[in-house]
Amino acid sequence: NAGVMQNPRHLVRRRGQEARLRCSPVKGHSHVYWYRQLPEEGLKFMVYLQKENIIDESGMPKERFSAEFPKEGPSILRIQQVVRGDSAAYFCASSPPGGLGLAKNIQYFGAGTRLSVL
Amino acid sequence: AQKITQTQPGMFVQEKEAVTLDCTYDTSDQSYGLFWYKQPSSGEMIFLIYQGSYDEQNATEGRYSLNFQKARKSANLVISASQLGDSAMYFCAMGERIIQGAQKLVFGQGTRLTINP
């Protein structure tokens with residue numbers, strides 16, 4: 001079984017451009033999470049989506065950032081008008097539908113997209 | 001809100017020795033889960049081990065075991081017989097409930113483990 005697939009692995013953008021990060025979850029997983037990792041820090045939650053629904057976007061910056069998980073195709077994290085402070089590693093994780101109880105719902109991560117803003 | 005603290009920014013260990021990576025947590029929830037992930041220099045996040053707050057036994061997965069002390073709110077990762085390939089960043093994380101069946105992970109700052117030959 002394929003794991004979580006993220007692309008591109010590396011993305012370079014100039015200030016003001018748009019960045020689109022893609023995530024295909026593990027087959028059969030309906031929950032997608034996005035996290036951001038700044039250099040030498042732990043990951044910080046951004047957004048949680050199910051198919052066609054944003055469930056929790058409490059970690060998303062209020063402007064320029066958006067996420068979607070359409071019925072068909074990968075989840076997309078979009079950053080408009082990027083600034084240098086957006087440079088980070090962005091990770092996608094997926095988990096199966098809940099049913100094992102809250103706690104043991106393991107999230108499996110992709111390899112991340114490293115965004116560099118020049 | 002959940003909080004995870006990893007107090008060891010870096011650790012150096014000789015190959016074949018056992019190593020303990022510290023993790024303390026803070027939560028008001030009665031039921032929760034604790035996770036450890038490994039991040040090698042290539043950057044991916046690899047799930048290692050899980051411990052549930054109501055699990056009666058400490059979790060083990062191969063060379064990894066979790067020293068779970070609920071009263072002290074600690075969930076230390078123990079790696080036995082360390083190998084050069086264990087050199088990586090290690091993150092402790094805790095689940096924070098979003099809705100039934102879904103949780104966001106709250107991560108610590110990580111510990112960089114270096115295994116010396």
Side-chain angles (χ1 to χ4, degrees), chain A residues 3-6 8-10 23 25-26 29-51 53-60 69 88-115, chain B residues 1-10 23 25 27 29-55 59 61 66 68 70 75 89-112:
Chain A
V4 177
M5 303 301 291
Q6 287 189 252
R9 287 295 308 274
H10 301 275
C23 168
V26 173
H29 285 191
S30 57
H31 298 201
V32 166
Y33 306 78
W34 286 92
Y35 294 82
R36 177 165 64 176
Q37 184 181 31
L38 296 173
E40 298 303 314
E41 292 190 11
L43 280 67
K44 297 276 196 303
F45 168 78
M46 299 181 75
V47 62
Y48 161 58
L49 311 101
Q50 295 180 13
K51 283 285 187 183
N53 286 303
I54 298 174
I55 307 299
D56 182 344
E57 55 182 345
S58 58
M60 289 272 272
F69 188 17
Y90 292 82
F91 287 90
C92 170
S94 74
S95 67
L100 295 176
L102 166 68
K104 191 172 184 178
N105 204 2
I106 295 164
Q107 293 180 24
Y108 294 94
F109 283 78
T113 294
R114 275 136 193 92
L115 173 65
Chain B
Q2 327 290 46
K3 185 178 179 183
I4 293 285
T5 303
Q6 294 181 254
T7 57
Q8 306 153 309
C23 172
Y25 61 91
T27 181
D29 291 348
Q30 296 300 310
S31 176
Y32 50 87
L34 294 150
F35 306 79
W36 277 91
Y37 286 85
K38 173 184 178 181
Q39 187 176 43
S41 57
S42 50
E44 69 268 36
M45 293 285 289
I46 302 167
F47 166 73
L48 293 178
I49 194 166
Y50 161 84
Q51 178 80 47
S53 59
Y54 284 111
D55 291 344
E61 289 285 351
L66 214 150
F68 180 50
K70 196 170 179 177
M89 281 287 284
Y90 288 81
F91 291 98
C92 180
M94 186 170 196
E96 184 174 309
R97 185 178 188 274
I98 299 174
I99 57 173
Q100 179 64 35
Q103 57 188 341
K104 63 183 91 170
L105 294 178
V106 177
F107 285 85
Q109 291 290 90
T111 296
R112 184 173 298 279

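By convention in this document, chain letters (A, B, ...) are assigned in the order of the sequence lines, proteins followed by strands, and residues within each chain are numbered from 1.
- In this structure, B/Leu105 and A/Phe45 approach most closely via the heavy-atom pair O-CB, 4.4 Å.
- To the nearest 0.5 Å, atoms CD (A/Gln37) and CZ (B/Phe107) are separated by 8.5 Å.
- Rounded to the nearest 0.5 angstrom, B/Gln103 CD and A/Tyr33 OH are separated by 6.5 Å.
- Note that CD of A/Gln50 is 5.0 Å distant from CD1 of B/Ile99, once rounded to the nearest 0.5 Å.
- B/Gln109 and A/Gly42 get closest at one heavy-atom pair: OE1-N, 3.9 Å.
- Atom-to-atom distance recorded for A/Tyr48:OH and B/Lys104:NZ is 11.5 Å, nearest 0.5 angstrom.
- Across every non-hydrogen atom of B/Phe47 and A/Ile106, the tightest pair is CZ-CD1, 3.5 Å.
- Atom NZ of B/Lys3 is surrounded by 12 or fewer heavy atoms from other residues, nucleotides or ligands within 6.0 Å.
- A donor-acceptor pair is defined here as one N or O able to donate and one able to accept, closer than 3.5 Å; no such pair exists between the side chain of B/Tyr37 and the backbone of A/Phe109.
- Interatomic distance, B/Gln39 CD to A/Phe91 CZ, rounded to the nearest 0.5 Å: 4.5 Å.
- When all heavy atoms are compared, the tightest approach of A/Ala111 to B/Glu44 is CA-CB, 3.9 Å.
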